[in-house]
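Take a look at the structure set out below.
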Amino acid sequence: MEPPASDVPPEIARFQGAWIGTWSDDIRTIIVVERVKADGRADMVFAHGDSAFYGTYREWWRTEAKVVHGVLTIAGDAMRIPWLRSLQFAFDGTDRLFLTSTNRSGGVGSGALVRADTARLAAGDRPNDWPWPGERVRIPHLTVRTPDVTRPIMLEATFYSPAGSGPAPLAIFTHGSDAGRNQLRSWSFSTEAHWLRDNGFAVLVLMRRGRGSSEGINGEETFGRDHDGSLIDVSAGVAEAVEDLDSAIAYGRTLPGVKPGKVLLAGQSRGGFLAMHYAGLKPGEVMGVVNFCGGWYPYGAVTTPYYANAGRGAADKVKQLWLYADNDRLYKEELIREYQQAFAAAGGNARFELLHGVPGDGHLLRLHPERWRAVADQYLASLNR
């Protein structure tokens, strides 16, 4: 490694050194910026670890990068990764980088890295807890206690403090459903959280009970069935999720930098459904809803009534934004339109966007912010803060 020369501008020189963190919540990542030049060129090493979730093996490359307008960019071609368009690193604090990856289809991932001691890193030292994109917090549940009744169960969450100096309204983002061991994976939703921070919110990302490292049992798969096995009731799981969201809202309002008052609810899949449903139950608590591909289970006979009830409950008191894709592998266009029509017919107020041509699985629309961010920014700007 070479110290930056005296003619290297500070906004370029500050990238020099070793950095360690996580990419897309699951992939351990190290970069070493060996040298930087006054024109922004940088020589560096990029390395990532194994990921069972993404099916990747550990690899490393020595490559060239470029610093332009405070952003260090590695082109995917430079590392010969066929699916990757670019990696970008921007400062998110004095010794902290926010990583944004963009693949060839436009899908976006993100992560966080912190400055590491180069000598200790070279000697093989690694952290026990790898850096995470936000502050990990634990939420005491309002109603569910441990089996010995000595304390409330604790829910995992990630807090992103407001970007500005003053207090900001709270936004809560929560996840969809997963099966098997994937339920034990924690999600930071750092791309969406940074988007909400850019729009003036403090953000709390919730892992509901039995998910990630949240305590308790995931009861959302407790479906009522008829004698022939057909699905007739999802109310038990929905009610549990509402209780978890109650706990997150109560806790989030106590966090530093959070302004008292109504909250913005956002979520992916079941998280989007939950945001919409909660606004119908308690419209006085909710400023707005951003629903990414929301649905509880793709069976309209049981789930469509929830949309009608939410429309009646929220009516014109809660403006909502619903973002769906017409190639969603779980929720077909016919069912999505059935949900929207039931909500609107009952009096619900939602801007409904059914987007076309989303690469791959449209259920992962949230990973393509270039498809929805302009509309979503406009929606957030229209809310009464």
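Inspection of the Gln88 and Thr73 side chains reveals an N or O donor paired with an N or O acceptor under 3.5 Å. No side-chain donor from either of Ser177 and Tyr297 sits under 3.5 Å from a side-chain acceptor of the other.
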| task | With side-chain contact (heavy atoms from CB on, under 4.5 Å) as the test, would you mind laying out the steps for Asp43 and Glu2 before giving the verdict? | result | CA-CA 10 Å; Asp43 296 323; Glu2 295 178 6; over 6 Å; no
| field | Step-by-step side-chain contact (heavy atoms from CB on, under 4.5 Å) determination, Thr63 to Met44 | value | CA-CA 6 Å; Thr63 185; Met44 63 179 293; 4.0 Å; yes
| message | Walk me through whether Trp195 and Phe173 qualify under side-chain contact (heavy atoms from CB on, under 4.5 Å). | response | CA-CA 12 Å; Trp195 161 64; Phe173 199 105; 5.7 Å; no
| task | Mind running side-chain contact (heavy atoms from CB on, under 4.5 Å) on His141 and Asp244 for me, showing each step along the way? | result | CA-CA 7 Å; His141 206 283; Asp244 295 352; 2.6 Å; yes
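Tyr331 has its ring centre less than 6.0 Å from the ring centre of His363. Checked against the 6.0 Å centroid criterion, the rings of Tyr306 and Phe273 qualify as a close aromatic pair. Checked against the 6.0 Å centroid criterion, the rings of Phe91 and Trp19 qualify as a close aromatic pair. Taking the six-membered ring for Trp, Trp322 and Phe343 have ring centres closer than 6.0 Å.
Of the residues listed (Lys332, Glu333, Arg337), the one engaging Asp326 in a side-chain contact (heavy atoms from CB on, under 4.5 Å) is Glu333, and it is the only one.
In this structure, Asp129 does not pair ionically with Arg136, as no charged nitrogen and carboxylate oxygen lie closer than 4.0 Å. Using a cut-off of 4.0 Å between Lys/Arg side-chain N and Asp/Glu carboxylate O, Arg209 and Glu243 are scored as salt-bridged. Under a 4.0 Å N-O distance rule, the pair Glu221/Arg270 qualifies as a salt bridge.
Contact detail for Ala18 and Leu121: the closest heavy-atom pair is CB-CD2, 3.6 Å.
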